[in-house]
There are 2 protein chains.
Amino acid sequence: MNRYVEQFNALGQKDRLQIFRLLVRAGPQGNCVEEIKRRVRMPGSTLSHHLDALTRCGLLTAHRSGRFIYYAIDWARTAKLIRFMTEDCCADLHATLGAAPARSLSANHRT
Amino acid sequence: MNRYVEQFNALGQKDRLQIFRLLVRAGPQGNCVEEIKRRVRMPGSTLSHHLDALTRCGLLTAHRSGRFIYYAIDWARTAKLIRFMTEDCCADLHATLGAAPARSLSANHRT
DNA sequence: ACGACAATTCTAGGAAAATCGAAATATCAA
DNA sequence: TTGATATTTCGATTTTCCTAGAATTGTCGT
């Protein structure tokens, strides 16, 4: 579960979520840092740290190709995170996704 | 999208994720703070801050009943977050959820 | 080997978050 | 109204995160 904490934490930051979504749209090849930088506009060192955070927690993969390093979504891990949310974490919700049942929370204390 | 950032961020902390999962299992009634505290074991003031964070970002609802304040999952909002992950954010994955397709990222540079 | 380019690591300052004891607020019961 | 219980707010400390310039590493072309 600690892995999930780190992943949620990685996505819980404006710039990093933006980067993540960008790479989702980039497809399996991903994008090199230069390309990402062109789109999100931030200093290289800052971007590098964000990419590192996303990679360390398993959301992205990185591989070098010549002078470029390509970052791409790690689909296996990402799928696991989603599964965690829908099945493990939100077991109850799983059945009612989208329905959002009305709660009835009036008179019930246990004393 | 900022709402989602806050929500991911809220879940990106060990204790808060634990609280969240606890409340998922607690069902629509939720639990009062005392009950939660008995299970997660942390000082009241710390717990209170975590509950506040989870509530402010829309993941929980709170309502008073006598001396107790019950916290429960906000299913509508939680469902929205999951939908964001599966549909909006991970559009590509949406089709292949659970399959975790093998990536082929070996020899493909664009230079 | 050298110069240019891609990206990371180093370093350090500032901002934000986590923590928790103590004091405050709210509700109930007698 | 007093005392007990439930929870939050206040205040202060510590830790963790974000940011970004400068220095560094790795790779290519010539």
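Quick note on labels: first sequence line is chain A, next is B, and so on, each numbered from 1.
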Round to a whole Å and report the spacing from [atom1] of [X] to [atom2] of [N].
X        : N       : atom1 : atom2 : answer
Asn9(A)  : dA18(C) : CG    : C1'   : 13 Å
Leu54(B) : dA17(C) : CG    : P     : 14 Å
Arg64(A) : dC5(C)  : CZ    : P     : 16 Å
His63(B) : dT8(D)  : NE2   : P     : 13 Å
Lys14(A) : dC18(D) : NZ    : C1'   : 13 Å
Tyr70(A) : dA7(C)  : OH    : C1'   : 13 Å
Arg67(A) : dG26(D) : CZ    : C1'   : 10 Å
Asp15(B) : dA17(C) : CG    : P     : 16 Å

Can you find a side chain N or O atom of [X] that sits less than 4.0 Å from OP1 or OP2 on [N]?
X        : N       : result
Tyr71(A) : dT8(C)  : yes
His50(A) : dT19(D) : yes
Thr46(A) : dA20(D) : yes
Arg16(A) : dC18(D) : yes
Gln13(B) : dT19(C) : yes
Ser48(B) : dT8(D)  : yes

- Query: Pick the nucleotide of DNA chain D nearest each of Pro43(A) and Leu51(B); which residue has the one closer to the 5' end?
  - Reply: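 So the residue in question is Leu51(B).
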- salt bridge (Lys or Arg N to Asp or Glu O under 4.0 Å) between Lys37(A) and Glu34(A): does it pass, once the steps are laid out? CA-CA 5 Å; Lys37(A) 188 153 130 196; Glu34(A) 211 191 21; over 6 Å; no
- Message: Ring-plane angle category for Phe84(B) and Phe8(B), please: parallel below 30°, perpendicular beyond 60°, tilted otherwise.
- Response: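 Tilted: the ring planes of Phe84(B) and Phe8(B) meet at 30° to 60°.
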- Query: What are the two closest heavy atoms between Val5(A) and Lys14(B), and how far apart are they?
  - Reply: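 The answer is CG1-N, 3.6 Å.
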- Message: Taking Glu35(B) first and then Arg38(B), would you say they form a salt bridge - that is, a charged N and a carboxylate O separated by under 4.0 Å?
- Response: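 Yes.
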Using the side-chain heavy atoms of [X], tell me which of these nucleotides is nearest: [options].
X        : options                  : answer
Val33(B) : dT8(D), dA20(D), dT27(C) : dT8(D)
Ser45(B) : dG21(D), dC10(D), dT7(D) : dC10(D)
Phe68(A) : dA6(C), dT19(D), dC20(C) : dA6(C)

- Query: Between CG of Leu51(A) and CD1 of Ile36(A), what distance do you get to the nearest 0.5 Å?
  - Reply: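 Here the interatomic distance stands at 5.0 Å.
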- Message: Using heavy-atom distances to pick each residue's nearest nucleotide on DNA chain C, tell me which of His49(A) and Ile69(A) is more 5'.
- Response: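 It is Ile69(A) whose nearest nucleotide is closer to the 5' end.
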